[in-house]
2 protein chains.
Amino acid sequence: MSLRHALLGLLAHGPASGYDLTRAFDGSIGRYAWQAGHSRIYPELAKMAEAGQVVVEETGPRGRKTYALTADGHTELRRWMLHWPEQTSVRDETVLRMFLVQSLEPDDARKLLEGIAAHCAAEIENLRPVMEADDAEHTPGDPLPFGRLAGEYGLRQYEAVHGWALWSLERLGSAQPATRA
Amino acid sequence: MSLRHALLGLLAHGPASGYDLTRAFDGSIGRYAWQAGHSRIYPELAKMAEAGQVVVEETGPRGRKTYALTADGHTELRRWMLHWPEQTSVRDETVLRMFLVQSLEPDDARKLLEGIAAHCAAEIENLRPVMEADDAEHTPGDPLPFGRLAGEYGLRQYEAVHGWALWSLERLGSAQPATRA
DNA sequence: AGCCCCATGTAATTGGTTACATGATTGC
DNA sequence: GCAATCATGTAACCAATTACATGGGGCT
């Protein structure tokens, strides 16, 4: 039931509407961690309200409902964050592809790994300046901007995959033709 | 529909029964990439057979059915592997927790990050000797053992998360009491 | 007036989990 | 003979995606 915890976690940052939360899932949380669309988010918020984990703090124009965490919601979020089960739920198409690289012919595998390496390099080029700009504005001692840790995670993630792809290319070797000369 | 591709990828390694495939998902593919239980795998194999991507190559004792990839199955696997869509499906509880570290009070966040760092360190201690033993047995020039690239990915993954957790702890600082002295 | 975005919801279908159900073979 | 494991399946329920549906408000 992690969608609920994702919502609790996002609301811990501050009150938000279903619409706001939907847009949050369009960002990096949806790209790297957990996806959700509005048609799932609205009913879940309703259930959470029923369970007393959130409340409608304010209603705005166009029927906008701004939800806020309750004490119970906070408690549940904290419990979930600190209570790490043995088996966590994973379903990641990208990682799946990496696990299956060796199911391809060596030539295809090389092509794929080269694509991955290039893609990671591009993302790193993209992310690093954003992080550095963030850090330049930040006064030491102040609390970190929300999302800074997640951003750093993403960056290091790409660096790791990049390194892995290069290592794999080297390991596969360029001298493994499917057809012998 | 990635379960199908996971199955195609596993079958590319060699023919297997639904039972064999179920056990494969209990291993690292299920831990890091994609989870599936037998109740989903059996019907999916049946559908894949109907679609001509796999065939029952052999029936054994206890009604065991050994499935093998067809040419169509191979083609579909290759298409999926080399055709990387913009938006891939992700749902990872562990990454979600990392994204939400900043929703905790600093003291809790530190506790969590310390736990993550320790856990990664332990996994690295576990994995590295396995990889090294694998490599020691391996003659250069031979094709890599199946799963070697995936294993390396896992190891580098843990190293990246470990580094991230330590960096985050440093960034959070130890001098950020929730209550002022 | 008209367009775009804000904003919320429901319905139908597919994908996934948990529980139910059954039985054969192997090894002791 | 008995236990463990091999082996396959279905049913009920829950989660998620895609499509349908509606309308208000801000801006030009």
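- Nucleotide D:dA15 holds its C1' atom 14 Å from the CD atom of B:Gln35, rounded to whole Å.
- Rounded to whole angstrom, the span from the OH atom of A:Tyr67 across to the P atom of C:dT8 amounts to 8 Å.
- D:dA15 atom C1' lies 14 Å from atom CZ of A:Phe25, rounded to whole Å.
- Nucleotide C:dT10 holds its C1' atom 16 Å from the CD1 atom of A:Ile41, rounded to whole Å.
- Nearest to the side chain of A:Pro43, among C:dA19, C:dT10, D:dA15, sits C:dT10.
- Nearest-nucleotide assignment on DNA chain D puts the 5′-proximal partner with B:Thr66, out of B:Thr66 and B:Arg91.
- Looking at heavy-atom distances under 4.0 Å, A:Arg40 makes contact with a base.
- Distance alone, capped at 3.5 Å, places no donor-acceptor pair between the A:Trp167 side chain and the B:Tyr153 backbone.
- As a whole-Å value, the separation of B:Asp92 CG from C:dG16 P is 15 Å.
- B:His38 places its NE2 atom 15 Å from the P atom of C:dG16, with the value rounded to the nearest Å.
- Contact annotation for A:Ser39: base contact, defined as any heavy-atom pair under 4.0 Å involving a base atom.
- One finds no side-chain N or O of B:Arg64 lying less than 4.0 angstrom from the OP1 or OP2 phosphate oxygen of D:dC6.
- In this structure, B:Arg78 and A:Leu104 approach most closely via the heavy-atom pair CA-CD2, 4.2 Å.
- In terms of position along DNA chain D, the nucleotide closest to B:Tyr19 lies nearer the 5' end than the nucleotide closest to the other residue of the pair A:Pro61 and B:Tyr19.
- One side chain, B:Ser17 or B:Asp20, offers a donor N or O that lies under 3.5 Å from an acceptor on the other.
- If you check the side chains of B:His13 and A:Gln102, you find no donor sitting under 3.5 Å from an acceptor.
- Applying the 4.0 Å criterion to OP1 and OP2 of D:dA4, one finds that B:Arg62 has every side-chain N and O outside that range.
- Atom P of nucleotide D:dG23 and atom NZ of A:Lys65 are separated by 17 Å, given to the nearest angstrom.
- Considering only heavy atoms from C-beta on, A:Val161 stays 4.5 Å or farther from A:Thr94 through its side chain.
- An OP1 or OP2 oxygen of D:dG9 is reached within less than 4.0 angstrom by no side-chain nitrogen or oxygen of B:Tyr42.
- Rounded to whole angstrom, the span from the CZ atom of B:Arg4 across to the P atom of C:dG15 amounts to 8 Å.
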